[in-house]
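Worksheet for the structure shown next.
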Amino acid sequence: MELNFQHADPGLSLMGEAAAARGLLESGKCKGSDFLGWLGLPSAMVSQVSRIEEAAARIRKSDGLIVVGIGGSYLGARAVIEALGTDFPVVFAGHNMDSLYHSDLLNSIQKKKYSINVISKSGTTTEPGLAFRILMNHMESRFSRDELAGLIFATTDANKGSLRPLIKERGWTDFVIGDDVGGRFSVLSPVGLLPIAAAGKNIRRLLEGAQAMADIVRKDSSEKNPALQYACYRNASYRSGKKIELFLSYQPGLHFIAEWWKQLYGESEGKEGKGIFPASVDFSSDLHSMGQWIQEGERLIFETILDVIHPEKDIKIPSSPVDDGLEYLAGRSLHEINRIALAAVQDAHSKGNVQSMKIMLDRMDEFNLGQLLYFYEYACAVSGIMLGVNPFDQPGVEAYKKTMFRMLGKPGF
């Protein structure tokens with residue numbers, strides 16, 4: 001993985017601050033230091049890989065997997081699965097409360113034998129809690145308790161929460177979310193690894209990539225550290241008045257990498273009246289909708305581009321007898337043309353006073369994705385510490401919940 005700052009101010013004047021923030025993180029002296037369990041996940045998870053793979057193999061004997069979770073409980077897994085693709089059906093529930101969505105989901109599994117992976121520390125979060133209740137009611141009408149024991153997989157707190165008694169009583173397979181790992185930093189734990197493995201992806205390589213990045217960013221406090229470089233770039237842009245970071249990708253499969261990234265940075269930094277607003281666009285489709293604003297709108301933004309150098313699949317442009325004005329592209333690869341579009345857009349935006357940097361991946365595979373995920377997590381922690389906030393709490397998330405509970409008539413509210 002490589003960072004390219006050809007069209008951006010890398011903010012190297014802030015490198016001393018970034019190194020100091022990294023020091024606080026590594027020494028456990030930063031705010032929120034009781035939530036640093038994610039730092040060691042790439043190595044800690046190695047001992048659990050075989051058990052996760054065994055559970056995934058059992059899931060793959062069913063007709064598909066429904067992942068029940070919201071926020072960090074599903075976004076990381078979905079990001080990896082969507083980026084790599086899968087021939088095994090993995091669908092998601094509990095990330096919304098839309099009746100049509102869940103009605104259609106029930107209809108789609110009427111005659112199928114799906115596994116369920118419910119992911120929640122407390123088991124009482126409203127959206128996944130309701131979805132799980134609906135799905136369990138449906139499954140209990142079709143399968144015996146013994147059959148269900150082989151289809152339900154719960155990822156939750158080791159000792160607490162509403163799922164724990166059910167796991168013991170009904171014999172469900174369970175995996176633990178560590179108390180020191182927050183949801184948005186949990187993709188490299190069983191939260192993400194079980195669905196990713198069930199999708200047929202190589203979680204050993206994913207962890208190897210994450211560990212390779214951890215070995216770089218955790219041991220180097222110099223300006224060569226890519227996580228420190230990214231943290232400097234972001235904070236320098238923010239201090240210069242750029243309040244919105246725009247995540248750009250040129251492959252539809254990366255859409256949920258952006259969604260995961262938005263939660264990671266938005267929930268980690270958006271507090272105390274501070275924080276960069278994380279937004280994303282999918283190019284080149286959004287060039288025909290948002291491109292005008294980005295090129296000539298108010299200058300509040302800076303860009304981060306995810307660039308994949310080598311594709312897993314490619315297509316050569318054929319010749320055509322029709323005069324469509326595109327024959328000059330015949331024989332060239334679609335991926336080559338896509339990357340030239342990336343370079344052209346970056347150049348145009350730079351001339352329009354929008355700075356941008358590229359995160360360049362050699363290819364989109366498990367190893368490179370593992371590197372990317374850990375890079376983003378580590379850089380997020382450093383960037384949040386530089387901003388002066390606790391990157392690991394989310395007090396603002398509780399505000400809407402209290403109002404919603406009161407309006408719904410929940411006892412005690």
Side-chain angles (χ1 to χ4, degrees), residues 1-11 79-80 82-85 209 226 229-230 233-234 237 242 244-262 278-297 299-369 371-373 375-376:
M1 195 184 85
E2 179 184 346
L3 274 58
N4 182 306
F5 290 95
Q6 180 183 355
H7 294 279
D9 172 10
V80 173
E82 296 273 352
L84 298 177
Q229 291 176 359
Y230 183 48
Y233 166 66
R234 299 182 74 253
S237 298
K242 309 299 184 184
I244 301 169
E245 180 175 11
L246 201 58
F247 180 108
L248 278 64
S249 65
Y250 284 72
Q251 295 170 276
L254 300 179
H255 174 83
F256 275 93
I257 295 289
E259 295 302 303
W260 171 81
W261 169 85
K262 285 192 288 190
S280 63
V281 286
D282 298 324
F283 282 174
S284 59
S285 58
D286 283 343
L287 280 171
H288 296 262
S289 56
M290 295 298 295
Q292 174 63 40
W293 189 95
I294 295 168
Q295 186 70 44
E296 296 184 351
R299 303 294 76 180
L300 299 173
I301 61 174
F302 63 101
E303 296 175 337
T304 300
I305 303 165
L306 186 54
D307 179 21
V308 181
I309 299 171
H310 298 108
E312 297 306 300
K313 300 176 183 178
D314 205 355
I315 296 175
K316 291 286 186 181
I317 305 301
S319 292
S320 172
V322 178
D323 185 10
D324 57 5
L326 299 174
E327 188 61 22
Y328 73 101
L329 296 175
R332 303 180 78 167
S333 86
L334 196 56
H335 184 71
E336 175 199 2
I337 295 169
N338 201 30
R339 291 195 72 224
I340 290 173
L342 184 160
V345 171
Q346 190 178 20
D347 182 69
H349 287 183
S350 178
K351 292 174 180 175
N353 198 29
V354 178
Q355 68 167 350
S356 60
M357 56 85 72
K358 287 193 296 187
I359 297 172
M360 304 173 68
L361 297 185
D362 181 58
R363 60 183 63 253
M364 189 54 62
D365 58 16
E366 288 93 337
F367 185 86
N368 280 277
L369 266 180
Q371 284 193 310
L372 182 71
L373 295 172
F375 159 79
Y376 272 136

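No donor-acceptor pair closer than 3.5 Å links the side chain of H335 to the backbone N or O of K313. D365 places a side-chain N or O within 3.5 Å of a backbone atom of N368 that can act as its donor or acceptor partner. For N4 (side chain) and M360 (main-chain N/O), no donor-acceptor pair under 3.5 Å exists by modelled atom type.
Summarising the geometry, atom CD1 belonging to I257 is positioned 5.0 Å from atom CG belonging to L369; distances are rounded to the nearest 0.5 Å. Taken from CD in Q355 to CZ in R299, the straight-line distance is 11.5 Å, to the nearest 0.5 Å. Of the inter-residue distances, the one linking L329 atom CG with S319 atom OG reads 11.0 Å to the nearest 0.5 angstrom. With rounding to the nearest 0.5 angstrom, the CZ atom of F283 is 6.5 Å from the CG atom of L246. In this structure, CG in L254 is found 9.0 Å from CG in L372, a value given to the nearest 0.5 Å.
With contacts defined as side-chain heavy-atom distances shorter than 4.5 Å, the pair I309/R339 qualifies. Counting heavy atoms from C-beta on, the side chains of L326 and I317 never come closer than 4.5 Å.
Tested against Q292, the residues E296, H288, Q295 include a single side-chain contact (heavy atoms from CB on, under 4.5 Å) partner, E296.
Take E336 and apply the salt bridge (Lys or Arg N to Asp or Glu O under 4.0 Å) test, not counting sequence neighbours, and it matches R332. Considering only residues two or more places apart in sequence or on other chains, E245 meets the salt bridge (Lys or Arg N to Asp or Glu O under 4.0 Å) condition with R234.
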L3/Y230 under side chain to side chain contact (heavy atoms under 4.5 Å, CB included): CA gap, chis, key distance, verdict:
CA-CA 8 Å; L3 274 58; Y230 183 48; 4.2 Å; yes
Side chain to side chain contact (heavy atoms under 4.5 Å, CB included) evaluation trace for W260 with L373
CA-CA 10 Å; W260 171 81; L373 295 172; 3.7 Å; yes
If you apply the rule side chain to side chain contact (heavy atoms under 4.5 Å, CB included), what do you find for L342 with K358, and how did you get there?
CA-CA 10 Å; L342 184 160; K358 287 193 296 187; 3.7 Å; yes
Tell me, with the steps shown, if V345 and Y250 meet side chain to side chain contact (heavy atoms under 4.5 Å, CB included).
CA-CA 11 Å; V345 171; Y250 284 72; 3.3 Å; yes
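Side chains of S320 and E327: no donor on one and acceptor on the other come within 3.5 Å. For the residue pair D282 / H255, a side-chain donor-acceptor distance below 3.5 Å is found, with atom types taken as modelled.
Relative orientation of the F247 and W261 rings is tilted, given thresholds of 30° and 60° on the angle between their planes. Note on ring orientation: taking the six-membered ring where Trp is involved, the planes of F5 and Y233 are perpendicular (angle over 60°, cut-offs 30° and 60°).
Heavy atoms of other residues, nucleotides or ligands lying less than 6.0 angstrom from CD1 of I315 number 12 at most. Few gaps surround CG on D324; more than 12 heavy atoms of other groups in view lie less than 6.0 Å from it.
Contact between A279 and I244 at its shortest, heavy atoms only, is CB-CG2, 4.2 Å. Scanning all heavy atoms of the two residues, the minimum distance from M364 to A83 falls at CG-O, 3.9 Å. Between I359 and T304 the shortest heavy-atom distance is CD1-CG2, 3.8 Å. Pairing each heavy atom of M1 with each of L361, the nearest pair is CG-CD2, 3.4 Å. Nearest heavy-atom pair, K242 versus I301, reported as atom, atom and distance to 0.1 Å: CD-O, 3.7 Å. Nearest approach of K262 to S280, heavy atoms of both residues: NZ-OG, 3.2 Å.
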